[in-house]
Colleague: 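Have a look at this one before I ask anything.
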Amino acid sequence: MVFDGRYKLVRGFDPAEVYPARLISRGSKEVPPRLFDLDADPVENSDIAGNAPDVVARLSSLLAPARGGLS
């Protein structure tokens with residue numbers, strides 16, 4: 001997870017594992033990143049990753065690689 005003061009990007013969290021009633025068949029184990037605008041949505045109800053690819057890319061660059069650990 002990374003937070004820049006407005007946007008929060010979460011990678012590797014699958015809400016279906018926590019909320020089985022919301023389970024969605026994805027066809028793969030890869031979980032897409034989730035992005036929240038905490039100014040507009042402080043309780044993180046709306047994932048806006050699909051509408052803000054530039055923010056996802058910027059915040060993703062701040063995270064360590066998902067596989068291979070920290071360097």
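Values reported hereafter were calculated over all heavy atoms of this structure, with side chains retained and with hydrogens, waters and symmetry mates removed.
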Colleague: Let's go through M1 and L9 carefully: what are the C-alpha distance in whole Å and the side-chain angles of both, what is the deciding distance for side-chain contact (heavy atoms from CB on, under 4.5 Å) to 0.1 Å, and is it a yes or a no?
Modeller: CA-CA 6 Å; M1 186 275 302; L9 181 75; over 6 Å; no
Colleague: If you group Ile, Leu, Val, Met, Phe, Trp and Tyr by side-chain heavy-atom gaps below 4.5 Å, do L62 and L35 land in one group?
Modeller: yes
Colleague: Rounded to the nearest 0.5 Å, what's the gap from CG on D47 to CG on D37? Could you check?
Modeller: 12.0 Å
Colleague: Which of these passes side-chain contact (heavy atoms from CB on, under 4.5 Å) with Y7: I48, L38, D39?
Modeller: I48
Colleague: Can you name the closest pair of heavy atoms from S46 and D41 and give their distance?
Modeller: N-OD2, 2.7 Å
Colleague: Which heavy atom of A49 sits nearest to which heavy atom of P33, and what is that distance?
Modeller: CB-O, 3.6 Å
Colleague: Output the distance between atom NZ (K8) and atom CD (E44), rounded to the nearest 0.5 Å.
Modeller: 3.5 Å
Colleague: Evaluate the side-chain proximity of D4 to R58: yes if any heavy-atom separation is below 4.5 Å, no if none is.
Modeller: yes
